[in-house]
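Start at 1 with the first residue, then count along the sequence. In each ligand, atom 1 is the first atom listed, and ligand 1 is the first ligand listed.
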Amino acid sequence: MPLILGLETSCDETAAATVEDGRVVCSNVVSTQHDLHERFGGVVPEIASRAHLERLLPVVEAAVEDAGLTLDQLDAIAVGNRPGLVGSLIVGASAAKALAWSLGKPLIGVDHVLAHLYAPRLVEGDDRSAATPQAAVAYPALGLVVSGGHTSLYRIDSPTGVELLGKTIDDAVGEAYDKAAVMLKAGYPGGPKLDALAQHGDPASHKLPRPLLGPGSLDFSFSGLKTALLYAVRGTPVGRGSDARFERDADDLNDQQRADLAAAFQHAVIDTLSTKIKRAHKRLSEAGAVPRSLIVGGGVSANSLLRARLIELSASLGLELHIPAMSLCVDNAAMIAGLAHERFVAGAFDDLSLPVVATTAV
Ligand code: KG4
Ligand code: ZN
């Protein structure tokens, strides 16, 4: 039963976790930097990398200790080495290399986006029997990654056999959520705050666009929807560019009005994601690869409406739904250690020249 330590420092979470046999999460430590970035309204890369540097070793120690292990019991050291903020990735990759070299253990670099798609296979806690059925995924599968940096649809034939079908041409869905939350003054981090605000709103109160990019397109675009929300919140601006003046802002709205706008935005986003999943299902079916599962990952997979909609959609399309536990939707290192298991059993290791890369491989 290989035991793998995973490290994750791609953005604003400093994380380490241990995973046994690619399925059972023995420990999962995440130190979030939200408090450091909140006053800037978004992640400041230099602050993020410095904080990773300060926090990573205590986080690793906690992950090993929580699992009741010692470093020499580990079988490999895994790290998310792409995509992400380069200065942040370097901290995790350097620590992983140092650990692997000093302990004489294999090093495995993992693509963070593919790791999000592995998260539904993991189980936390002591119920190891629960890991077996959840780990069995029927292929071919459709994959959807909805995170702060990515919104992509995939055809998946194995945990590492992933083909891109479509992606965002502008903002990622999580980024759109975060910007929408700023417009509505919903708080930070934006996605979960806007999700909570939307619970009390009426989605039919405003007509916002469902950006579909033409018949059959599997790409996404959220910047027009973001602008439509901006105008709905603040009114149509007078003037252009930096001279633009709005008639109001979110402070001029009451709580119900802000909740209505949040609900209208949330429904527009989730309707768009649903349509794209149906299109991808049709595309693969017509190509003779009828999808049997839908695998979802990334921070936005914690969204309440998306989770409810995916249950309905999978049932109507005859798909097995694989969605992470709430604690494994946002960035974590368990998904890194989990996906690394696939490479471990294949003996596909990296050496100390492992680079960090800002973009995903898929
Ligand atoms: O996967 P993740 O932790 O980081 C990246 O790889 O980017 O995703 C973070 C994103 C953020 O944009 C955050 O606002 C969004 O996931 N998010 C949500 C929710 N929880 C997190 N968006 C909508 N609804 C949520 N409940
Ligand atoms: Zn992520």
inquiry  = Under the criterion ring-ring contact (aromatic ring centres under 6.0 Å, His included), I'd like the reasoning laid out for F222 against Y177: C-alpha separation, chi angles, the key distance, then a yes or no.
reply    = CA-CA 10 Å; F222 292 104; Y177 259 96; 8.8 Å; no
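- Ligand 1 places these atoms under 4.0 Å from at least one heavy atom of H116: 1 (O), 6 (O).
- With R292 contributing its side chain and P140 its backbone, the two residues share no donor-acceptor pair below 3.5 Å.
- In summary, the side chains of S27 and D66 do not present any donor paired with an acceptor at a separation below 3.5 Å, with no hydrogens or angles considered.
- Under 4.0 Å from ligand 1, not a single heavy atom of P189 appears.
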request  = Run the numbers on K97 and D350 for salt bridge (Lys or Arg N to Asp or Glu O under 4.0 Å), then give the verdict.
outcome  = CA-CA 10 Å; K97 287 177 189 180; D350 289 298; over 6 Å; no
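- In this structure, the protein non-hydrogen atom closest to atom 23 (C) of ligand 1 is N303 ND2, 3.5 Å.
- When non-hydrogen atoms are compared, ligand 1 lies under 4.0 Å from the backbone of V300 as well as from its side chain.
- Nearest protein heavy-atom contact of atom 14 (O) of ligand 1 is D178 OD1, 2.6 Å.
- K282 has a carboxylate O that lies under 4.0 Å from a charged side-chain N of E286, or vice versa, which qualifies the two as a salt bridge.
- Under 4.0 Å is where a charged nitrogen must lie from a carboxylate oxygen, and between E175 and K179 at least one such pair does.
- Sorting the N, O or S atoms of D331 by how far they are from the Zn ion (ligand 2) puts OD1 first.
- Between A302 and ligand 1 there is a heavy-atom distance shorter than 4.0 Å.
- At least one heavy atom of H112 sits closer than 4.0 Å to an atom of ligand 1.
- The ligand atoms of ligand 1 that sit less than 4.0 angstrom from a heavy atom of G149 are 7 (O).
- With ligand atoms numbered from 1 in the order given, ligand 1 contributes 14 (O), 18 (C), 19 (C), 22 (N), 23 (C), 24 (N), 25 (C) to contacts under 4.0 Å with heavy atoms of G191.
- Regarding atom 26 (N) of ligand 1, its nearest protein heavy-atom neighbour is D195 OD2, 3.1 Å.
- For the Zn ion (ligand 2), the N/O/S atoms of H116 include one lying under 2.8 Å.
- Counting heavy atoms under 4.0 Å from ligand 1, residue D331 touches it through both backbone and side chain.
- Remark: side-chain polar atoms of K276 are not paired, donor with acceptor, to backbone N or O of L153 under 3.5 angstrom.
- Among the atoms of H112, an N, O or S atom falls under 2.8 Å of the Zn ion (ligand 2).
- Between the side chain of R210 and the backbone N or O of L208, at least one donor-acceptor pair lies under 3.5 Å.
- Heavy-atom contacts of G174 reach the following atoms of ligand 1: 12 (O) (cutoff under 4.0 Å).
- The distance criterion of under 3.5 Å between nitrogen or oxygen atoms is met by G148 with respect to ligand 1.
- In terms of protein heavy atoms, atom 17 (N) of ligand 1 is closest to G299 O, 3.6 Å.
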